[in-house]
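I have placed the structure first, in the form of structure tokens, so that the comments after it can refer back to it.
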Amino acid sequence: MMRLPHFRYRAPRSVGDAVSWLAESPETTMILAGGTDLLPNMKRRQQVPQTLLALRGLRHELASIKFEDDTVIGAGVTLSDLIASPQIRDAYRGLWQAASQVATPHLRNMATLGGNLCLDTRCTYYDQNYEWRKAIDFCMKKDGETCWVATSSPKCLAVSSTDTAPMLQALGAKVTLVSARGERVVPLSDLYANDGIHYLTKARDEILTRISLPRAEGWRSAYWKLRRRGSVDFPVAAAAVAARFDGARVIDARIVLGAVSSKPQASNRAAQLLKDQHLSDEVIDAAAAVAAEVAKPMDNTDFELVWRKKMVTSLVRDALREVRGDDMRARRRQIARQLLL
Ligand SMILES: Cc1cc2nc3c(=O)[nH]c(=O)nc-3n(C[C@H](O)[C@H](O)[C@H](O)COP(=O)(O)OP(=O)(O)OC[C@H]3O[C@@H](n4cnc5c(N)ncnc54)[C@H](O)[C@@H]3O)c2cc1C
Ligand code: SF4
């Protein structure tokens with residue numbers, strides 16, 4: 001049995017207390033939300049903070065969903081509560097689909113949206129227990145020096161594996177980061193860096209407190225995810241598409257890929273191809289092919305990397321057909337069945 005290392009547990013009762021306690025030792029403290037990613041990582045000694053700062057006692061400040069000018073979702077909202085909201089399901093269909101496909105119902109009861117956005121990057125050579133990693137002399141991301149995926153790479157290539165980040169980015173989300181120094185609001189796309197170790201641009205003393213989404217009038221969205229088991233598995237490629245329509249004509253669009261690099265990867269060129277167009281099969285095929293150009297999958301997740309790259313085209317195509325209004329339920333079932341064979 002893998003045991004947790006020793007750590008100090010601190011339970012603030014307000015965001016104000018949380019940020020001032022975090023400022024005392026930001027390098028050795030980590031934020032604990034649902035713990036569904038962080039605690040298994042600690043058991044495997046991938047992350048060994050001396051102190052955990054728990055957000056559980058801040059639910060009164062961090063766990064609400066408000067539909068105002070913007071839709072404001074607290075970072076402490078659980079994924080189960082998020083997908084139980086009929087307004088989220090109706091207005092932000094792609095977000096509902098992405099959150100519904102994270103892990104399992106039990107994990108979603110604990111897992112928070114903030115934790116999902118700050119999820120550690122993943123890699124076959126890293127998501128292993130301590131003894132396994134020691135046997136290969138560790139790797140650059142933790143305790144070692146070499147990247148076993150690309151031995152000449154100067155940076156870690158671990159994969160951004162969050163389901164909600166690409167979709168929220170496609171929906172134009174912004175996040176609020178709070179520290180003892182003050183508060184700032186940044187586009188979600190700016191929260192991420194294409195580096196498997198330093199994958200978040202937020203400072204270590206900042207807490208993500210809320211996610212704001214612009215109103216969804218005129219927008220339709222869809223999220224398509226590749227994973228081996230439909231019941232539980234991280235994405236190994238994903239397509240998040242949001243398009244704004246005037247009748248049948250697209251007037252704005254965003255396409256963001258998940259799990260193909262160390263950050264959610266937008267394809268502005270593919271999105272541009274959709275503007276002022278009706279979503280014919282030809283337009284969809286052209287945009288899907290262009291979107292796949294930015295995908296740079298590496299050999300460090302499930303499935304063969306060349307096939308994963310090919311599947312990006314297929315995922316974007318399916319997501320675009322869904323926002324066009326096609327009934328894609330049979331196609332979703334077909335893919336899930338094929339992957340299990
Ligand atoms: C079996 C299994 C399957 C899984 N499948 C998926 C999947 O398919 N898709 C997927 O996306 N995830 C998956 N996960 C990972 C995880 O369950 C989810 O990503 C979950 O949403 C993480 O949220 P949490 O609240 O539990 O985060 P935690 O584990 O508490 O934290 C995760 C990270 O975020 C940081 N953090 C948390 N909250 C904040 C905050 N407010 N501000 C700043 N930093 C913060 C923590 O310090 C930590 O680094 C899976 C996990 C397991 C164990
Ligand atoms: S990509 Fe390389 S450095 Fe990063 S976790 Fe994998 S093996 Fe380690």
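FYI, the numbering just counts along the sequence from 1.
A distance-only check finds a donor-acceptor pair linking the side chain of R254 to the backbone of A170 [under 3.5 Å]. With R321 contributing its side chain and D327 its backbone, the two residues share no donor-acceptor pair below 3.5 Å. Within the 3.5 Å criterion, the main-chain N or O of D17 finds a donor-acceptor partner in the side chain of S20. Remark: the backbone N or O of W132 is paired with a side-chain donor or acceptor of N129 at under 3.5 angstrom.
One finds no salt bridge joining R228 and D233 here, because no Lys/Arg side-chain nitrogen approaches an Asp/Glu carboxylate oxygen to under 4.0 Å. The pair D70-R215 does not meet the salt-bridge criterion, since no charged nitrogen lies less than 4.0 angstrom from a carboxylate oxygen. Under a 4.0 Å N-O distance rule, the pair R244/E217 does not qualify as a salt bridge.
Using a 4.5 Å heavy-atom cutoff, the side chains of L95 and I73 are in contact. Looking only at side-chain heavy atoms (C-beta outward), R308 and T301 come within less than 4.5 Å of each other. Between W219 and L171, every side-chain heavy-atom pair lies at or beyond the 4.5 Å cut-off. Side-chain contact between L208 and C118 is present, with at least one heavy-atom pair separated by less than 4.5 Å. Between I31 and L38 the shortest side-chain heavy-atom distance does not fall below 4.5 Å. Residues M42 and L39 are in side-chain contact: their nearest non-hydrogen atoms beyond the backbone lie under 4.5 Å apart. Between D163 and Y223 there is a side-chain heavy-atom pair separated by less than 4.5 Å.
A cation-pi contact, defined as under 6.0 Å to the ring centre and within 45° of the axis, is absent between R227 and F234.
Across A259 and P235, no two heavy atoms sit closer than the pair CB-O, 3.5 Å. Residues L257 and A295 share a closest heavy-atom pair of CD1-CB, 4.0 Å.
A distance of 5.0 Å separates CD1 in I335 from OG in S314, rounded to the nearest 0.5 Å. Distance check, rounded to the nearest 0.5 Å: CG of D37 to CG of L119 gives 4.5 Å. Taken from CZ in F245 to CD1 in I251, the straight-line distance is 9.5 Å, to the nearest 0.5 Å.
Annotation for K275: atom NZ counts as buried by contact number, over 12 foreign heavy atoms lying within 6.0 Å.
Looking only at atom types and distance, the side chain of T121 has no donor-acceptor partner in the side chain of K263 under 3.5 Å away. No hydrogens or angles considered: a donor-acceptor pair under 3.5 Å links the side chains of W224 and E322.
Partner of F138 under the ring-ring contact (aromatic ring centres under 6.0 Å, His included) criterion, chosen from Y126, Y125, Y130: Y130. When R204, R10, R8 are each tested for a salt bridge (charged side-chain N to carboxylate O under 4.0 Å, His left out) with E24, only one passes: R10.
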